[in-house]
Amino acid sequence: MADTLTSAAAQSAESAAHAARLDHVSKAFGRPGGRQLVLDDITLDVRPGEFVCLLGASGCGKSTLLNLVAGLDEPTAGSITTPGGRPALMFQEHALFPWLTAGKNIELTLRMRGMPREQRRPEAERLLSLVRLGGAYGKRVHELSGGMRQRVALARALAQDSQLLLMDEPFAALDAITRDVLHDELTRIWSETQLSVLFVTHNVREAVRLAQRVVLLSSRPGRINREWAVDIPQPRRIEDAAVADLSVEITEELRGEIRRHGQH
Amino acid sequence: MASTETSGAKDAAPLEDEPRQADDAAAVERHKRHDLSGLEAGLDALDAVVVKRAPIGQVLVKKVLPPISAVLLVLVVWQLAVWAKVADQTKLPSPSAVGQELADRWNAGDLLSIIWTSVSHGLLGFVAALVIGTPLGLVVARVPFIRAAIGPILSGLQSLPSVAWVPAAVIWLGLNNSTMYAVILLGAVPSIANGLVAGIDQVPPLYLRAGRTIGATGLRGAWFILLPAALPGYVAGLKQGWAFSWRSLMAAELIASSPDLGVGLGRYLENMREGSDMAGVFLGILLILFVGIAIDLIIFSPLERWVLRSRGLTARSQ
């Protein structure tokens, strides 16, 4: 704990050269003796404004890693610093509160942030129009489609006004066309807001479509296996030839990684 | 419309990071051609869930007509049984005799005071049960030690008819209103507390995680996330708590008799039995039933419907 604090102070002194820094992070679950190592010695920097995709098969501890960065769980070893404060987190499920309208869901986040009452409504409206749901303020969650719910969830995450947005397979449950649209939305909002994004997915094309950097995690335990810089200019399309080519390369690597688990 | 917004925002932000800039003109052109934002509006229109409320005529036919028919049917069968002389007049009074008794009570001016004596006791006791049961349920649901200690007792108390407490309550508290309230509390508090515990147990952990990420922890988490999320189970517990309050009170009134207690519906029923006035007994039973149903229809059913409908949990809203 003290270790984390001193390094946080040191980071802010050098005016945050990163949005998140994971320094030799390991995570094990279970009692000593029957311990299961889930993440092994992960070292990763997310630069301010950078879009990083974490890619891996099941069992690579992607969600555990995001929970650690979000501060919902503590690493067993190593340290994690997020100089921009508590990161915003978006889940695969929209996780909107069904007893509140779309607008009030966002306002609750603003309220928890300490924003005065009279500023909340205009800010919620602004965030809803940012995700192009200007008319949805009074809509109940069950009145929205799956894609609209994820857009409200994105607006709610943005309401935290964090420098770092963590996304845990947020579009995995959506149909392909809706997912395409949301990729566009996310790319647009990312470039408008200067956010850093750490995006977890098992979908290689999605990772290549979105990220500036794709980090491949191995499974059981999760280790950083390889990294690719994606220098295809945005806006990209998921069906672009360049996206497809890199996806093929990364998929090969991912398959090799999965095969390795069947061999012993 | 949306597409010009996007490219406009990009052109107007020349100071952005190099890698983000879509300075490749071909890429911008390609993006415009393939822009998906028109698609987005189409998807929204296709996917939007329309929540309709049933027209009033349909409500009358589907919701009001069936219970009225059932009541009429019971009255008809009752009257037929009287005409067929299934039982003696002293054992089976006719509906009109019961109606006459009702009119007599009304004219004597004590009908409303009888009902009010019971309803005021019942509601006041219920509110007290609410005030005690809610924090109790919260603590049982959230503190493992307390849950292990009194959780099973709380569930067990629900199956103990609270009439069983009447003799003890009379000895401890005497024949006065305290006894009535004690019996109501013992009946309703476990229901309300258990309802809240069940409601909290059924809160999806995802809501709590989402709450923690936005900083709703501790008491703020309980107030803004946990309690609203547990509301459907809590309201079901309140509904059951009211039923238990009312039942306990009627049983207590039947057993305990004292001038201090006033004449409520249960007391009225017992008085009629003592006078072998079968029409009065029938009227007493019907009034107890009627008041129990009325309170449920006026307070608890609308509350439950509102909670469920606002969350899209009713079958019709899908």
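Naming: A, B, ... by sequence-line order, numbering from 1 per chain. Since we're looking at a predicted model, the values are computed, not measured.
- A 6.0 Å sphere centred on CD of A/E206 holds more than 12 heavy atoms belonging to other residues, nucleotides or ligands.
- Interface residue A/N67: only side-chain heavy atoms are found under 4.5 Å from chain B.
- Contacts with chain A (heavy atom to heavy atom, under 4.5 Å) involve these residues of residues 211-219 of chain B, listed by number: B/G211, B/R212, B/T213, B/I214, B/G215, B/A216.
- Under the side chain to side chain donor-acceptor pair (under 3.5 Å) criterion, B/K239 pairs with B/E304, sequence neighbours left out.
- Here A/R151 is the residue among A/H183, A/M90, A/R151 with the most heavy-atom pairs under 4.5 Å with chain B.
- Contact annotation for residues 129-150 of chain B against chain A (heavy-atom separation below 4.5 Å): no residues qualify.
- In this structure, the portion of A/L133 lying under 4.5 Å from any heavy atom of chain B is its side chain and not its backbone.
- Taking both residues in full, the closest heavy atoms of A/R111 and B/R220 are given as O-NH1, 4.4 Å, listed atom of the first, atom of the second, then distance.
- Contact annotation for residues 223-234 of chain B against chain A (heavy-atom separation below 4.5 Å, listed by residue number): B/F224, B/I225, B/P228, B/A229.
- Taking CZ of B/R311 as the start and NE2 of A/H142 as the end, the distance is 11.0 Å to the nearest 0.5 Å.
- For chain B, the option among A/T178, A/V141, A/D231 with the highest count of heavy-atom pairs below 4.5 Å is A/T178.
- The CZ atom of A/R140 sits 11.5 Å away from the CZ atom of B/R309 when rounded to the nearest 0.5 Å.
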